[in-house]
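First comes the structure, then the notes that go with it.
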Number of protein chains: 2
Amino acid sequence: MDEVDDILLKVHKTFDIVGKKWNGMIIYVLMSGPKRFSELHSSIPSLSKRMLNERMKELEEEEVVVRHVTNDRPVRIEYLLTKKGYELGMALEPISKWAIKWIK
Amino acid sequence: MDEVDDILLKVHKTFDIVGKKWNGMIIYVLMSGPKRFSELHSSIPSLSKRMLNERMKELEEEEVVVRHVTNDRPVRIEYLLTKKGYELGMALEPISKWAIKWIK
DNA sequence: TACATTAGGTTACTTTATGTAACCAATAGT
DNA sequence: ACTATTGGTTACATAAAGTAACCTAATGTA
């Protein structure tokens, strides 16, 4: 088992998450605290409900977020980062620093 | 001009680069030094020549990489990170740390 | 009673992005 | 003349994302 190849594989799998449209932004927004479906939707206006829903299902599957249903009516859904997700969010922070420095 | 919205926009634009299939891996591989077209291709076997070529054109356009043609025959093309690209690569490093910790 | 609203979706359909494999141009080696 | 090499390009197939209308359950309003 080649250590270098193993790392490359893991990095590759991680970029399959981060390198998927919308995921970076979703995690970035969730770093400011739990958000409801509609809050995520309005925070990223160009992200459609269809894609938001699909991405959240995938991120839940990856154990990056947790979906929490309240008893309110109409139903309210809160999405929050897991520890894994929070640490991924932390790992994305330098990207936002880079963005501020380099994007005109 | 809302400062928060401005940052969100810049982060959004950055995730349009990083959150595009293959770009993270390409930049990650280039962090170990300049690479020829064929070296990038063999470092990331599942990335086709077509997509590699397309991504490199885009990254050059974004001024993340520079394309350097040597006088050798057959022609050799070297891709290297610009300062902007190198700093983006640095910003991606925590992601590889996260990968090692969290990907099984 | 009937109708509208709200949250969080889902469905059907269109458009765009990516994958696959064959092909090409220039040069060098046999 | 034939073959290999590098860094592509082309045509075509499949997968992913965008769009807009619709749905469900409950509650509020006329």
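Numbered from 1 within each chain, the chains take letters A, B, ... in sequence-line order.
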Which nucleotide in the list [options] gets nearest to the side chain of [X]?
| X | options | result |
| --- | --- | --- |
| A:Lys20 | D:dA17, D:dT6, C:dA7 | D:dA17 |
| B:Pro74 | C:dA7, D:dT5, C:dG9 | D:dT5 |
| A:Arg67 | C:dA7, C:dG9, D:dA17 | C:dG9 |

* Is there a donor in the side chain of B:Ser32 and an acceptor in the side chain of B:Lys35, or the other way round, less than 3.5 Å apart? ->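 Present: a donor and an acceptor within the cut-off.
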Using atom types as modelled, flag every donor-acceptor pair under 3.5 Å from a side chain in residues 92-100 of chain A to any protein atom, sequence neighbours excluded.
| unit_1 | atom_1 | unit_2 | atom_2 | d |
| --- | --- | --- | --- | --- |
| A:Ser96 | OG | A:Glu93 | O | 2.7 |
| A:Trp98 | NE1 | B:Lys84 | O | 3.0 |

Can you tell whether the side chains of [X] and [Y] come within less than 4.0 Å, N to carboxylate O?
| X | Y | result |
| --- | --- | --- |
| B:Lys57 | B:Glu54 | no |
| A:Asp16 | A:Lys20 | no |
| B:Lys83 | B:Glu87 | yes |

* For DNA chain C, the residues among residues 45-58 of chain B that have a non-hydrogen atom under 4.0 Å from it -> B:Ser48, B:Arg50, B:Met51, B:Arg55
* Contact residues, residues 23-42 of chain A to DNA chain C [heavy atom, < 4.0 Å] ->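 Result for residues 23-42 of chain A: A:Arg36, A:Phe37, A:Ser38, sorted by number.
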Can you tell me how far [atom2] of [N] sits from [atom1] of [X], to the nearest Å?
| X | N | atom1 | atom2 | value |
| --- | --- | --- | --- | --- |
| B:Ile77 | D:dT5 | CD1 | P | 18 Å |
| B:Arg73 | D:dA4 | CZ | C1' | 16 Å |
| A:Asn71 | D:dA26 | CG | P | 12 Å |
| B:His68 | D:dG7 | NE2 | C1' | 15 Å |
| B:Ile44 | C:dT18 | CD1 | P | 14 Å |

* **B:Tyr79 side chain near D:dG8 phosphate (N/O to OP1/OP2, under 4.0 Å)** => yes
